[in-house]
Amino acid sequence: MPEFIPLIGEEEIKTQTRITGQMISKDYQDLDLVLVGILKGSFMFLADLSRQISIDHEIDLIGASSYEGTTSTRQIVFTKQPDLELKGRDVLLVEDIVDTGNTLLKIIEFVRLLNPRSIKICTLIDKRERREVDIDVNYSCFSLEKGFIVGYGLDYNEKYRNLPAIYDLKLQE
Ligand code: IMP
Ligand code: MG
């Protein structure tokens, strides 16, 4: 059985999400905010963050998954495109965790082609140890130096997304 070491509790998540929601509400008060969640990991954070944003906004989703192909180049597949017209609007991409940054970079490149007025990034967790690309994270609730975490939307082989708090996952040898 894997071991789950508690890392970030429910109350802490709630507090940071509230603070982030308040900052976004203030920064975007005169803008045309569209929250765009990146599936699947962001679904729980997106739902809670949206409830902490007091200004009018719309919500959309992008499905993206990355995998290592047979060559060493990393591929990203879009499994869902946004439905809303994003042209001229202020897009805030909502991620669960930014690790190497490769997934997000590809998503930003894709969203840029839809001609929004602005694109910014909000992530639940900013994990810096393995960052490979230079990405400007505008809002992050928590920073993490290293480790592999699960819960609150984050998975290991599609499991543990349902856990209400965040755990460091230790796999037994
Ligand atoms: P990146 O392209 O390396 O930044 O990968 C980002 C994606 O990898 C995230 O959106 C997650 O789906 C996944 N990921 C990276 N680190 C973790 C982790 O610690 N736990 C669960 N998923 C992770
Ligand atoms: Mg993800």
Side-chain angles (χ1 to χ4, degrees), residues 4-29 31-55 57-66 74 76 82 86 89-112 116-156 160-169:
F4 297 87
I5 298 159
L7 195 67
I8 307 169
E10 282 182 75
E11 281 309 313
E12 238 180 307
I13 295 173
K14 210 178 264 175
T15 303
Q16 283 308 316
T17 305
R18 191 185 312 120
I19 292 168
T20 305
Q22 284 166 355
M23 282 166 60
I24 293 167
S25 306
K26 187 164 163 277
D27 295 350
Y28 282 83
Q29 57 188 333
L31 300 178
D32 183 13
L33 174 62
V34 186
L35 291 185
V36 179
I38 317 285
L39 293 171
K40 294 180 234 178
S42 75
F43 80 100
M44 217 176 266
F45 177 49
L46 178 69
D48 287 341
L49 181 68
S50 172
R51 277 179 278 197
Q52 296 297 339
I53 296 177
S54 56
I55 57 165
H57 60 281
E58 294 178 23
I59 293 176
D60 210 333
L61 297 162
I62 288 180
S65 53
S66 61
R74 226 150 176 256
I76 173 160
L86 299 181
R89 311 191 66 189
D90 300 292
V91 171
L92 183 58
L93 294 172
V94 179
E95 254 290 26
D96 52 353
I97 186 165
V98 183
D99 186 11
T100 64
N102 286 307
T103 311
L104 201 49
L105 188 68
K106 297 263 167 54
I107 291 169
I108 293 168
E109 282 168 5
F110 168 74
V111 172
R112 208 170 268 147
R117 177 165 52 193
S118 65
I119 308 175
K120 285 191 174 178
I121 313 296
C122 175
T123 186
L124 175 67
I125 290 150
D126 189 359
K127 187 165 85 176
R128 304 223 182 88
E129 189 193 18
R130 306 198 307 154
R131 191 65 45 87
E132 287 171 9
V133 295
D134 194 18
I135 281 191
D136 216 3
V137 173
N138 306 93
Y139 305 92
S140 82
C141 291
F142 302 99
S143 302
L144 184 69
E145 276 313 311
K146 53 181 164 190
F148 191 86
I149 57 170
V150 294
Y152 196 68
L154 291 136
D155 73 307
Y156 171 66
Y160 318 126
R161 293 192 197 275
N162 59 303
L163 300 174
I166 295 171
Y167 298 84
D168 199 346
L169 185 73

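Just so it is clear, the structure is predicted and the values come from calculations on it, not from any experiment.
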Student: Quick check: do K146 and R130 have side-chain heavy atoms less than 4.5 Å from each other?
Tutor: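 Counting from C-beta outward, K146 and R130 never come under 4.5 Å.
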
Student: Between D126 and R131, is there a side-chain N and carboxylate O pair less than 4.0 Å apart?
Tutor: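 Salt bridge present between D126 and R131.
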
Student: Do any N or O atoms from the side chain of D32 and from the backbone of D90 form a donor-acceptor pair under 3.5 angstrom?
Tutor: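 It does not hold such a pair.
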
Student: Under the ring pair (Phe, Tyr, Trp, His ring centres under 6.0 Å) rule, what do F4 and Y160 come out as? Steps first, then yes or no, please.
Tutor: CA-CA 10 Å; F4 297 87; Y160 318 126; 4.9 Å; yes

Student: Considering all heavy atoms of both residues, which atom of V36 and which atom of L61 are nearest to each other, and what is their separation?
Tutor: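 Where V36 meets L61 most closely, the heavy atoms are CG1-C, 4.3 Å.
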
Student: Can you measure from CZ (F43) to CZ (R161) and round to the nearest 0.5 angstrom?
Tutor: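 Rounded to the nearest 0.5 Å, the CZ-CZ separation comes out at 7.0 Å.
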
Student: Verify side-chain contact (heavy atoms from CB on, under 4.5 Å) between L7 and L144, making sure each step is shown before the conclusion.
Tutor: CA-CA 10 Å; L7 195 67; L144 184 69; 3.9 Å; yes

Student: Can you tell me how far OG of S143 sits from CZ of R128, rounded to the nearest 0.5 angstrom?
Tutor: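 So the CZ of R128 and the OG of S143 are separated by 4.0 Å.
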
Student: Walk me through whether R117 and L31 qualify under side-chain contact (heavy atoms from CB on, under 4.5 Å).
Tutor: CA-CA 10 Å; R117 177 165 52 193; L31 300 178; 4.1 Å; yes

Student: Hey, does the side chain of K127 reach the backbone of G147 with a donor-acceptor pair shorter than 3.5 angstrom?
Tutor: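 Indeed, once roles are kept as given, a pair shorter than 3.5 Å links the two residues.
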
Student: Does some side-chain heavy atom of E12 sit less than 4.5 Å from a side-chain heavy atom of F142?
Tutor: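 They are in contact (side-chain heavy atoms under 4.5 Å apart), so the answer is yes.
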
Student: Using a 4.5 Å cut-off on heavy atoms from C-beta on, say whether the side chain of I24 contacts that of L49.
Tutor: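 Yes; the side chains approach each other to less than 4.5 Å.
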
Student: In the structure I gave you, are the side-chain heavy atoms of V133 and N102 within less than 4.5 Å of one another anywhere?
Tutor: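 Heavy-atom side-chain distance check passes, below 4.5 Å.
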
Student: Could you measure the distance from the CD1 atom of I119 to the CD1 atom of I107? Nearest 0.5 Å is fine.
Tutor: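 Spacing of CD1 (I119) from CD1 (I107) equals 11.0 Å.
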
Student: Taking the side chain as everything from C-beta on, heavy atoms only, tell me whether I59 gets closer than 4.5 Å to S50.
Tutor: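 I59 reaches S50 side chain to side chain.
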
Student: Where the side chain of S42 meets the backbone of I38, is there a donor-acceptor pair that is under 3.5 Å apart?
Tutor: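 Checking the backbone N and O of I38 against the side chain of S42, a donor-acceptor pair under 3.5 Å is found.
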
Student: Under 3.5 Å, is there a donor on one side chain and an acceptor on the other for D48 and Y152?
Tutor: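 Looking only at side-chain atoms, Y152 and D48 do form a donor-acceptor pair, the distance falling under 3.5 Å.
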
Student: Please round to the nearest 0.5 Å and tell me the distance separating atom CD1 of I125 and atom OG of S140.
Tutor: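 With rounding to 0.5 Å, CD1 (I125) is 9.5 Å from OG (S140).
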
Student: Please examine the side chains of E95 and L124, heavy atoms only from C-beta on, and report whether any two atoms are closer than 4.5 Å.
Tutor: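 They are not in side-chain contact.
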
Student: Can you see which heavy atom on Q52 is nearest to which on S25, and at what distance?
Tutor: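 Looking at all heavy atoms of both residues, the shortest contact is O-OG, 4.0 Å.
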
Student: Mind telling me whether F148 and Y156 have parallel, tilted or perpendicular rings, with 30° and 60° as the class edges?
Tutor: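 Perpendicular.
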
Student: Working to the nearest 0.5 Å, report the span between CD of Q29 and OG of S54.
Tutor: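 Between Q29 CD and S54 OG, I get 8.5 Å after rounding to 0.5 Å.
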
Student: Are V94 and I121 side-chain neighbours, meaning at least one heavy-atom pair lies under 4.5 Å?
Tutor: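 Side-chain contact under 4.5 Å: no.
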
Student: Drop me the distance from L33's CG to I53's CD1, to the nearest 0.5 angstrom.
Tutor: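 If I round to the nearest 0.5 Å, the distance is 5.5 Å.
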
Student: Where do P116 and V111 come nearest, in terms of heavy atoms and distance?
Tutor: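 Smallest interatomic distance, heavy atoms only, reads CD-O, 3.2 Å.
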
Student: Minimum heavy-atom separation for T17 to I13, with atom names?
Tutor: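 Heavy atoms of T17 and I13 come nearest at OG1-O, 2.6 Å.
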
Student: Regarding D27 and Y139, do their side chains bring together a donor and an acceptor under 3.5 Å, going by distance alone?
Tutor: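 Per modelled atom types, D27 and Y139 side chains form a pair under 3.5 Å.
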
Student: Please report the C-alpha distance between L169 and I149 in whole Å, then the side-chain angles of each, then the deciding distance to 0.1 Å, and finally whether the side-chain contact (heavy atoms from CB on, under 4.5 Å) criterion is met.
Tutor: CA-CA 6 Å; L169 185 73; I149 57 170; over 6 Å; no

Student: Which is it for L154 and I97 under the side-chain contact (heavy atoms from CB on, under 4.5 Å) test, yes or no, and what are the steps along the way?
Tutor: CA-CA 8 Å; L154 291 136; I97 186 165; 3.4 Å; yes

Student: Any side-chain heavy atom of I166 within less than 4.5 Å of one from V150?
Tutor: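 The answer is no; the side chains never approach within 4.5 Å.
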
Student: At their closest point, which heavy atom of L46 faces which heavy atom of G37, and how far apart are they?
Tutor: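 Taking L46 first and G37 second, the nearest heavy atoms are CD2-CA, 4.1 Å.
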
Student: Do you know the tightest heavy-atom contact between E10 and A165?
Tutor: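 Nearest heavy atoms, E10 then A165: N-CB, 4.1 Å.
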
